[in-house]
Amino acid sequence: MSTIALLPGDGIGTEVLDGPVTYLRQLERDGLPVRVTGPFPYGTTGWVQTGSTLPPETMQACREADVVLSGAVGTHPAVSSEDCPNPEAALIALRHEFDLRVSVRTVRVPGDDDVVIVRNITGGAYAGPDQRVESDGTGCAEDRIVLDPAKVQEVLDIAIEQARAKPGRRAISVDKASVYATSRLWRRLSLSTSASTGVRLENLNVDRAAYELVKHHELPGVIVTEGLFGDILSDIVCARAGSPALCGSATINPGRGFGNGITALFEPAHGSSPHRTGSRRSNPTGAWLALADLLAWCPDLSGLGLHAEVRSALDQVITTAPPTYDLAPPGAATIDLDEFNERVFEALGHQPTAVTVPPQQVPPSSQEAR
Ligand code: IPM
Ligand code: MN
């Protein structure tokens with residue numbers, strides 16, 4: 001049995017999860033080994049409901065679950081960022097609490113193959129608060145970057161697996177070896193991993209990598225890099241794909257056995273898009289990609305072929321349906337979120353029985369959506 005805790009979070013987080021959650025509830029009804037819990041308060045919405053962006057009930061739900069499916073964390077209409085300044089800290093806290101230390105992102109590039117970005121998401125530039133010194137504006141601020149070779153190796157090993165699954169595609173390892181000691185360690189390990197596995201990893205400095213990702217027609221199949229570089233480069237790849245909505249994100253603990261709290265968090269990689277909240281126009285591709293990754297990750301589900309089914313239904317919609325607004329040229333016909341989901345269910349060969357994520361309650365306020 002895989003227990004999936006829902007953390008819809010902020011802004012469009014709830015609506016983009018509608019399709020995937022409806023799908024999971026259907027699996028539950030069909031007697032598959034799935035239990036869906038929540039939705040639990042999280043992010044700015046959690047702060048409104050409970051006074052905390054990551055309240056104890058949500059932490060407890062994560063301790064009792066195997067994986068999280070999340071929508072978005074960020075600003076929410078009706079809540080000012082002075083009141084709730086850093087909702088993203090909830091996501092960072094979850095990563096640290098459950099040692100979800102590797103991020104594997106899949107960008108669905110229309111008309112091309114996927115690009116997968118693998119990076120460390122705790123440690124390095126994403127270290128916890130003990131590696132930082134805040135400044136009041138007069139003293140120095142400090143962010144210490146420390147890379148543990150064993151942790152880098154783990155990230156590189158996952159990238160090698162990904163590269164093996166994409167024969168013929170370029171796999172690049174990105175660093176700034178001309179400046180950083182951590183990058184020189186990264187490159188040393190990248191070279192030795194390439195030599196020992198026979199899988200070619202091309203080593204690029206991050207500035208060159210950014211240039212090539214924008215300029216070269218052909219995108220690499222795999223990018224492996226340090227957390228902060230990967231954060232930036234994954235957004236560049238999304239820009240190449242045409243929309244931030246085309247990225248599914250898995251944040252995993254590669255070593256963790258099931259039964260000790262969440263082993264992974266799956267989410268679309270886009271933000272909470274507060275000004276579009278409730279418009280039901282957003283493109284839910286990232287949430288469907290996250291669902292597909294979740295179905296491949298959970299041991300009880302991975303053998304059932306559901307991951308491939310969802311991916312192929314999604315690909316069919318992306319290639320045959322009119323685009324959502326974010327991908328449409330001016331004046332072109334578009335479909336909205338619900339039409340998109342209907343088409344995915346049609347392609348899957350079954351109809352959803354209900355849309356099941358209740359809207360998150362946020363009190364009305366005069367605060368302008370940003
Ligand atoms: C992302 C986001 C997060 C990150 C933020 C919200 C902490 O930008 O998932 O790419 O930097 O990892
Ligand atoms: Mn980011």
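Just follow the structure's listing: the first ligand is 1, and inside any ligand the first atom is 1.
- Remark: ligand 1 atoms within the under-4.0 Å shell around heavy atoms of E88 are 6 (C).
- The closest protein non-hydrogen atom to atom 2 (C) of ligand 1 is D231 OD1, 4.1 Å.
- Considering backbone and side-chain atoms alike, R105 places an N or O below 3.5 Å from some N or O of ligand 1.
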Pairs of donor and acceptor atoms involving the side chains of residues 223-236, under 3.5 Å and at least two apart or interchain, shall be tabulated with distances.
residue, atom, partner, partner atom, Å
T225, OG1, V174, O, 2.8
E226, OE1, L228, N, 3.2
E226, OE2, N120, ND2, 2.9
E226, OE2, A125, N, 2.9
D231, OD2, Y126, OH, 3.3
S234, OG, R105, NH1, 3.2
S234, OG, G230, O, 2.9
S234, OG, D231, O, 3.1

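- A donor-acceptor pair is defined here as one N or O able to donate and one able to accept, closer than 3.5 Å; such a pair exists between the side chain of R132 and the backbone of A127.
- Close approach of ligand 1 to R95 (heavy-atom distance below 4.0 Å) involves ligand atoms 3 (C), 4 (C), 9 (O), 12 (O).
- The shortest side-chain heavy-atom distance between R256 and F98 falls under the 4.5 Å cut-off.
- The hydrophobic clustering, which links ILVMFWY residues whose side-chain heavy atoms are closer than 4.5 Å, places W288 and L306 together.
- The distance from ligand 1 to the heavy atoms of R119 drops below 4.0 Å at these ligand atoms: 10 (O), 12 (O).
- Paired with R108 under the rule side-chain hydrogen bond (donor to acceptor under 3.5 Å, both in side chains), one option of T285, D114, D315, D113 passes, and it is D315.
- Residues V199 and V118 share a single hydrophobic cluster, defined by chaining ILVMFWY side chains whose heavy atoms lie under 4.5 Å apart.
- On a distance-only criterion, E267 and ligand 1 share no N/O pair closer than 3.5 Å.
- Panel note: side chain S272, backbone T75; a donor-acceptor pair is recorded below 3.5 Å.
- The protein heavy atom nearest to atom 11 (O) of ligand 1 is Y126 OH, 2.6 Å.
- Among the candidates R343, R280, R281, the single residue satisfying the side-chain hydrogen bond (donor to acceptor under 3.5 Å, both in side chains) test with D338 is R280.
- Protein N/O/S atoms nearer than 2.8 Å to the Mn ion (ligand 2) total 1.
- Salt bridge present: E202 and R200 bring a charged side-chain N and a carboxylate O closer than 4.0 Å.
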